[in-house]
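The structure under discussion appears below in the form of structure tokens.
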Amino acid sequence: MYTGPCKVLHLSSGLLPNSGRFGIVLSNEYQVVTSLWCQLYKTHAPQASGRLLLNYLVIPSKAQVKKPGYIPNLGECSHYRSKIHLKAGDKLQSPEGKPKTGRIQEKCYGPCISSSNCSQPCAKDFRGEIGFTCNQKKWQKSTETCTSLSVEKLFKDSTGASRLSVAAASIPLHILDFRAPETIESVAQGIRKNCPLDYACIIDVVKSSEMTSGNIAFIVELLQNISTDLSDDVTREKMKSYSEVANHILDTAAISNWAFIPNKNASSDFLQSVNLFARHLHIHNKSENIVNELFIQTKGFHINHNTSEKSLSFSMSTNNTTEDILGMVQIPRQELKKLWPNASRAISIAFPTLGAILREAHLQNVSLPRPVNGLVLSVILPERLQEILLTFEKINKSRNARAQCVGWHSEKRRWDEKACQMILDIKNEVKCRCNYTSTVMSFSILMSPKSMTDKVLDYITCIGLSISILSLVLCLIIEATVWSRVVVTEISYMRHVCIVNIAVSLLTANVWFIIGSNFNIKAQDYNVCVAVTFFSHFFYLSLFFWMLFKALLIIYGILVIFRRMMKSRMMVIGFAIGYGCPLIIAVTTVAITEPGNGYMRLEACWLNWDNTKALLAFAIPALVIVAVNLIVVLVVAVNTQRPSIGSSKSQDVAIIMRISKNVAILTPLLGLTWGFGIATLIEGTSLTFHIIFALLNAFQGFFILLFGTIMDHKIRDALRMRMSSLKGKSRAAENASLSPTNGSKLMNRQG
């Protein structure tokens, strides 16, 4: 193609593009860039039914161009033609759509030596390279700078369009300058020349680009340049164009590629650029929804010292399938009173995916990363305002997802806990009071895996369980020691069978609890965690059903329904109630909830509450048994006052009274324990309930030892007798060793 100096073309006014030919008068002295005629035809393409047909270019031979009066045929353009049908108002895109990310090379070849690096060139049409690091004998991608964008490409199409935009079907072209286009050296220069009013000329090129790490880095730098050089007068239209560009790299499909940008501060630079640009945004109406993109929203309103409390609400999805996550910014009335009488503006920007992108600067003594669990809300306020209220809906709503209110410190490039104070933390929602400054303008909530409260509860549980396990072991030793002396009647025999099985059930349940609490849930260990949950559920239920059987023993003694029942039959009934009923409940629960993965919690090996309410399969039986046992105790209190209970039954009555006293003490303790446990499931429960539950739950074994064994005077008497007999045997052995006969034998040996 000839690209020499260009002169002037004259378009014959009598010939229109629709005729199929251009009437062009060309003098011998004029030399022309030969592709121009088809460019002109492209701008004059026929319109029909609201659709525009674009015809691409042809390059006639140089000899043809030099002929005077040469007129190109449209047929010469046909073999370069590509049709794009656009409805009115549609945006121009490339015919092939957005490139696929699979075009980028993802492998490094060669020997993999630990900590070694290698690089591969990018695919065709991309500049840069991909860096790999050898980790565990496998090449893993570490960096990527592949980019297809450039300043020249951003304005290439815009420049051509602006030079030809004066040509129209109904207006003859008198003068057209064909000098080579001016070189654009910066983004600011290109925007000022091509689209200074709305910055829209860069949108299509950006949105059609592939979301590689190199392109993301280029767009971040592009937004930085706009914020620095072109933010003196930000209109609604400019903010919309700016946000469309930002939305492209905030897409969920781009999140993983941010990690491979060599500049680790790119995400922080991006947020700071958006905030800086929004700081110069002008608001004309009292309240405006300025930007409503999928991954960035902007709202604003006018405020002054007479304004009542103001709030901005956002509802956005973290991806294309999940439900919307809510966020709200509130300016308290007492803060608004600080403003001057003249109007000011408040602007807020919401990002649903930025929390997954922001990368904190490395901190000592802080485990990274700290996952963001809500929208990121940026706020632009007058300098006199310092305090704002923020409400965040949690993305992860599990009960262990404790929240921490934070603000992003733009200079330290990390989340700052000191910027915010938590007001409320319930299951789904967190409310924060935050301090707004020029360096802390963006806020969110972090998932705090371990707070001070968690550590306190962990210490209580750890110490309490240790004491509980030792107490239960001691209880079983004592029962074994005094067994023959305390099992006098059928009722007393079954009473101690109950005590032993209660101790065994709780001891086994505590062991499973410890296994579960120290168990890291992974996909490959899911079945093991299900087993831990099942056995914990079963043995905790057994504890309560053996308590129920103790209550039935009281009824047996008072009402004498099973007066002549054999001991073996009572044992069968006891084990059927104590272990059979819990087994049925535990098996039924896992059979119903496990097929839908709703048996246990995602974060712990214990019954699910948030989704299937499987925990009710433990809570309801336990609390019903507590209620039944308390009723039985009241029945005992009434019946023991009757004179009908004669002296012949005095021994049984005494045993029944001991059982009743035991049940009357243990039942409220066990009932209160799990009553507080249910209370902790209620949203907004006070920390006090959690601490009381941890204390009572951890010390259950000690309570059983104290009130079920040590406080029983029969057991104490049996222990004294056992100790006395042991002392008697010891003294007898000592006396025998010191007797005269032994002494004379000793003297004889010495002699």
Side-chain angles (χ1 to χ4, degrees), residues 227 231-240 242-243 246 271-293 296-316 324-352 354 374-393 405-410 416 418-425 429-445:
S227 298
S231 62
D232 50 345
D233 182 25
V234 180
T235 62
R236 182 191 183 100
E237 290 72 24
K238 292 177 181 179
M239 190 68 197
K240 282 185 175 182
Y242 189 95
S243 299
L271 177 58
Q272 193 169 357
S273 299
V274 175
N275 290 342
L276 177 61
F277 193 73
R279 188 191 289 270
H280 298 91
L281 175 62
H282 296 294
I283 298 177
H284 301 289
N285 301 323
K286 289 185 178 180
S287 180
E288 289 189 35
N289 292 330
I290 302 160
V291 174
N292 191 25
E293 295 291 331
I296 179 171
Q297 289 183 5
T298 304
K299 297 182 180 181
F301 51 68
H302 285 295
I303 53 175
N304 56 51
H305 74 290
N306 291 323
T307 307
S308 59
E309 184 172 284
K310 279 284 189 178
S311 64
L312 289 170
S313 297
F314 297 91
S315 178
M316 305 181 76
D324 284 359
I325 300 298
L326 305 179
M328 185 167 64
V329 180
Q330 291 175 283
I331 306 175
R333 179 73 186 92
Q334 61 269 22
E335 284 293 305
L336 291 168
K337 290 180 179 178
K338 299 178 182 178
L339 294 175
W340 299 111
N342 55 319
S344 301
R345 72 206 181 342
I347 299 166
S348 185
I349 311 169
F351 308 89
L354 184 58
L375 298 178
V376 175
L377 297 176
S378 286
V379 183
I380 313 298
L381 297 174
E383 292 182 359
R384 296 178 67 86
L385 299 186
Q386 296 178 338
E387 187 177 282
I388 54 174
L389 300 177
L390 298 145
T391 303
F392 299 94
E393 182 182 355
C405 299
V406 289
W408 182 262
H409 199 291
S410 58
D416 187 358
K418 297 178 182 178
C420 295
Q421 178 186 359
M422 185 186 298
I423 301 174
L424 177 68
D425 181 7
E429 190 176 276
V430 178
K431 195 166 187 177
C432 309
R433 179 183 288 110
C434 298
N435 294 321
Y436 169 83
T437 65
S438 59
T439 55
V440 181
M441 302 167 61
S442 303
F443 307 90
S444 190
I445 53 172

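Predicted model, so just to flag it, every value in this text is computed and none were measured.
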Kindly confirm or rule out an SG-SG distance below 2.5 Å between Cys405 and Cys432.
yes
Ile283 vs Ile347 side-chain heavy atoms within contact, under 4.5 Å:
yes
Ignoring hydrogens, what is the shortest heavy-atom contact between Leu381 and Tyr436? Give both atom names and the distance.
N-OH, 3.2 Å
Has Ser444 got a side-chain atom pairing as donor or acceptor with Leu375's backbone, closer than 3.5 angstrom?
yes
If you define the side chain from C-beta out and look only at heavy atoms, does anything of Leu354 sit under 4.5 Å from Ser442?
no
Could you check if a side-chain atom of Phe392 sits within less than 4.5 angstrom of a side-chain atom of Leu377, using non-hydrogen atoms only?
yes
side-chain hydrogen bond (donor to acceptor under 3.5 Å, both in side chains) filter on Lys337, not counting sequence neighbours, yields none
Does Met239 reach the side chain of Val291, with side-chain heavy atoms less than 4.5 Å apart?
yes
Could you tell me whether the side chain of Val406 reaches within less than 4.5 Å of the side chain of Trp408, counting heavy atoms only?
no
For a quick test of reading the model, state the closest non-hydrogen atom pair linking Leu336 to Thr307 and the distance between them.
CD1-O, 3.4 Å
Starting at CZ of Phe443, measure out to CG of Asn435 and round the result to the nearest 0.5 Å.
7.5 Å
So, taking the atom named CD1 in Ile325 and the one named CD in Glu393, what distance separates them when rounded to the nearest 0.5 Å?
4.5 Å
Output the distance between atom CG (Asp233) and atom NE2 (His280), rounded to the nearest 0.5 Å.
10.0 Å
Minimum heavy-atom distance Asn292-Gln297, with the two atoms named:
OD1-NE2, 3.1 Å
Could you tell me if the side chain of Val274 sits less than 4.5 Å from the side chain of Tyr242, heavy atoms only?
yes
Residues in salt bridge (Lys or Arg N to Asp or Glu O under 4.0 Å) contact with Arg433, at least two apart in sequence or another chain:
Glu387
Distance in Å, Asp416 CG paired with Ser410 OG, rounded so as to fall on 0.5 Å steps:
10.5 Å
Closest non-hydrogen atoms of Gln386 and Lys338, given as atom of the first, atom of the second and distance, are OE1-NZ, 4.3 Å
Here the pair of heavy atoms bringing Ser378 nearest to Leu271 is OG-CD1, 3.6 Å
For Glu237, give me all partners under salt bridge (Lys or Arg N to Asp or Glu O under 4.0 Å), at least two apart in sequence or on another chain.
none
Please find the pair of heavy atoms, one from Gly374 and one from Ile445, that lie closest to each other, and give the distance.
N-CG1, 3.9 Å
Can you establish whether the number of heavy atoms outside Glu383 located under 6.0 Å from its atom CD is more than 12?
no
CE-SG distance between Met422 and Cys434, expressed to the nearest 0.5 angstrom:
10.5 Å
Determine whether Glu429 and Met328 make a side-chain contact, defined as any pair of heavy atoms from C-beta on separated by less than 4.5 Å.
no
As an exercise, state the distance from OG1 of Thr298 to CZ of Arg236, rounded to the nearest 0.5 Å.
10.5 Å
Does Ser348 reach the side chain of Phe314, with side-chain heavy atoms less than 4.5 Å apart?
yes
Apply side-chain contact (heavy atoms from CB on, under 4.5 Å) to residues Leu389 and Ile423 and explain how you reach the verdict.
CA-CA 9 Å; Leu389 300 177; Ile423 301 174; 3.8 Å; yes
